[in-house]
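Read through the structure below, which is laid out as structure tokens, and then see the notes.
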Amino acid sequence: MSAPATLFTNGRIFQSGVKPGTNAGLDRPPTFAECMLVSGTEIQHVGSASDEAIITALAAGPDAVTVHDLQGKTLLPGFVDGHMHLMLLGQALNKLDLSKCKTLHDIQTLIREYAAANPDVPRILCRSYMHSMVPSGAKASDIDDLDPLDRPILIDSKDLHTTWANTAGIKDLGADSWPDVPGGIIERDSNGKLTGIFSEAANITYVWPYLASVATMEERTAAIKSAVLAYHEAGYTGLIDMAMDEGSWEALQALLAADGSIPMRIAAYWLVKPLKTEKETVAQVERAIELAAKYNAATAPDCRIVGIKVICDGIIDACTAGLTEPYSHNEHLEVPLWTYEQLEPVVRRADEAGLQIALHAIGDATITMVVDTLSKYANPERRPRVEHLELSNERDALRLGQNRITASIQPVHADPAILGAWPKLIGEHRCKRAFAYREFADHGAPLALGSDAPTAPHSPFGNAYVATTRRSYRELDTETTVNPHFALGVCESFAAGTEGAAYSVFDDHRIGVLQKGYKADFVIVDMEWKKEKLKDTKMKETWYNGAKVWSA
């Protein structure tokens, strides 16, 4: 006997009113259905209590249909995080969080207390320091005397672009023997001694693989499980991993082999790093092509390789983003991590093989370079995308729409609480161009909302709150706004965080919206449909594939 269907009734069932890949606009109101009927893993009907399908279902009796009274709550599609880092999130959940620190003294105090309370851990792993916390520059000596056991201390920056190590950490990494890598920063003092700072390509090439290598397979699969559970609690049923590598992919496959399935729709972009020769660099694309041929929408729709990811510049806080004007405080004009000449063969090879392409670009000069490259070499039908887009010019905002390039944005990075250094670094005049989401949408660029977890809070409601109010989700009492004229609408934000993210990886035929024939992935919440109230939303239940996977 088959399991009974479930009828969700007496609630508000969200309908964006737009097709995936299009934007709802600033003021478009949502529409809400009254009932939703789920059978097995799929949605059978969405509509009103008077619809024939609902009447027929109820007439079949309680053995055939279980009624779930929503009591006026809102039912939304399961969120799809358009940009995150699955393994790094799972690992970060067990790292010491420094995000509340303001100064170097705060950091030192927290690490000293943690070291004393955790004498058995082999390494002290921390996360979420910001460059503004250590304005004179972080050094190994700053954190050398915090642990009586002299264990390695390794600290991720909030943006994940930098690792800060103590002297024991430098030794643990074996960093003294590391040669320089293209686009990487291995910081040294005037005597050539390592300072303990490893940034950009050096961090990705050396530190990330090292940390993966010292983690057991059991630890890696446990990290993935922890991340999935945290995402269910937040309201996600899908995610797009934006830096997949061998260690993470191996752990995913091991978990699938052990458990049979992972209750999360996972689409992954393979990370391509700048290597010394074009042949070496393009070989990474060939690996992505090989994996995508085996793990794709037809063979592995819920854990697949969809394309490649290239980190083309750094970040503004570390003064590594590619800008057209020098940084205001030091008149430096940083060299981009990738040049147009390096990027071209990578994009061309990926596109001709049918892979999707995601290019990280934060500074205006880098954004122009990647839009130039995608416009020339990426087929718009493959839904190419640019990640972050934090400081763009008007022309490139227009070209995103003209070339159907997805604007993959993370509103939580526009939080005023973390932008205090920007006026000094780039000047007030350039700050006025920051996070120009309204332009992207109005010019027709498909929007995909993500969190960039673990670099930022991963609540989809916090993300929507910042997107619509341009106020802080980290510090709710502050009234500062960041360019409110670039805000998104409420309906628009929710659509971009569900069907928009699904559209970006060709999953819009089965997830991201609530309609007949789609997967029964959804969340039930207590919320008010007002932008100022989004921060107060309460998660109640998360359903994946027609089954409840989390409940408050």
side-chain hydrogen bond (donor to acceptor under 3.5 Å, both in side chains) contacts touching residues 239-250 (sequence neighbours left out)
Arg220-Glu250, Asp245-Ser248, Glu246-Arg287
Which pairs pass side-chain hydrogen bond (donor to acceptor under 3.5 Å, both in side chains) with one or both residues in residues 230-239, sequence neighbours excluded?
Asp81-Tyr231, Tyr231-Ser451
For Lys294 and Leu291, what are the C-alpha separation, side-chain angles and deciding distance, and is it a side chain to side chain contact (heavy atoms under 4.5 Å, CB included)?
CA-CA 5 Å; Lys294 185 175 180 181; Leu291 287 170; 5.9 Å; no
So how far is it from [X] [atom1] to [Y] [atom2], rounded to the nearest 0.5 Å?
| X | Y | atom1 | atom2 | result |
| --- | --- | --- | --- | --- |
| Leu374 | Thr406 | CG | OG1 | 10.0 Å |
| Met527 | Leu76 | CE | CG | 6.0 Å |
| His68 | Leu75 | NE2 | CG | 8.5 Å |
| Arg382 | Arg404 | CZ | CZ | 16.0 Å |
| Leu229 | Leu93 | CG | CG | 9.0 Å |
| Asp521 | Ile43 | CG | CD1 | 8.0 Å |

Hey, does [Y] have a side-chain heavy atom less than 4.5 Å from the side chain of [X]?
| X | Y | value |
| --- | --- | --- |
| Phe8 | Ile524 | yes |
| Val513 | Thr498 | no |
| Glu439 | Leu400 | no |
| Ile54 | Ser48 | no |
| Val525 | Met539 | yes |
| Leu88 | Gln91 | yes |
| Val482 | Trp422 | no |
| Tyr269 | Met244 | no |

Please check this pair: side chain of [X] against backbone of [Y], looking for a donor-acceptor N/O pair closer than 3.5 Å.
| X | Y | result |
| --- | --- | --- |
| Ser472 | Arg474 | yes |
| Gln410 | Gly450 | no |
| Asp313 | Gly363 | yes |
| Asp302 | Ile262 | no |
| Glu541 | Ser551 | no |
| Asn296 | Ala298 | yes |
| Ser375 | Val371 | yes |
| Arg433 | Ser392 | yes |
| Lys309 | Met242 | yes |
| Asp97 | Ser99 | yes |

Exercise: identify the closest heavy-atom pair between [X] and [Y]:
| X | Y | value |
| --- | --- | --- |
| Arg438 | Gly489 | NH1-N, 4.0 Å |
| Lys19 | Glu499 | C-OE2, 3.8 Å |
| Pro4 | Asp63 | CB-O, 3.6 Å |
| Ala434 | Phe486 | O-CD1, 3.6 Å |
| Ile224 | Leu252 | CD1-N, 3.8 Å |
| Ser50 | Ile55 | O-CD1, 3.4 Å |

Partner of Ile409 by side-chain contact (heavy atoms from CB on, under 4.5 Å), out of Leu488, Asp452, Asn463, Val386
Leu488
Using the side chain to side chain contact (heavy atoms under 4.5 Å, CB included) rule, take Asn483 and Arg470 through it: C-alpha gap first, then chi angles, then the decisive distance, then the call.
CA-CA 7 Å; Asn483 297 338; Arg470 308 289 287 211; 3.9 Å; yes
Quick one: do Glu352 and Arg348 satisfy salt bridge (Lys or Arg N to Asp or Glu O under 4.0 Å)? Show the steps, please.
CA-CA 6 Å; Glu352 70 184 19; Arg348 289 177 63 181; 6.0 Å; no
Set out, in order, the CA-CA distance, both residues' side-chain angles and the distance that settles side chain to side chain contact (heavy atoms under 4.5 Å, CB included) for Arg383 and Ser504, then state yes or no.
CA-CA 6 Å; Arg383 301 180 188 175; Ser504 75; 6.0 Å; no
Of Trp529, Phe79, Phe522, which is the lone residue that meets ring-ring contact (aromatic ring centres under 6.0 Å, His included) with Phe14?
Trp529
Can you label the angle between the Phe440 ring and the Tyr437 ring as parallel, tilted or perpendicular, going by 30° and 60°?
tilted
Set out, in order, the CA-CA distance, both residues' side-chain angles and the distance that settles side-chain hydrogen bond (donor to acceptor under 3.5 Å, both in side chains) for Thr31 and Gln15, then state yes or no.
CA-CA 5 Å; Thr31 56; Gln15 308 283 286; 5.7 Å; no
His360-His161 aromatic ring centre distance below 6.0 Å:
yes
With no hydrogens and no angle check, do the side chains of Asp364 and Asn393 hold a donor and an acceptor under 3.5 Å apart?
no
Are Arg304 and Asp507 close enough, and set up right, to give a side chain to side chain contact (heavy atoms under 4.5 Å, CB included), and what steps lead you there?
CA-CA 11 Å; Arg304 59 198 171 101; Asp507 234 354; 3.5 Å; yes
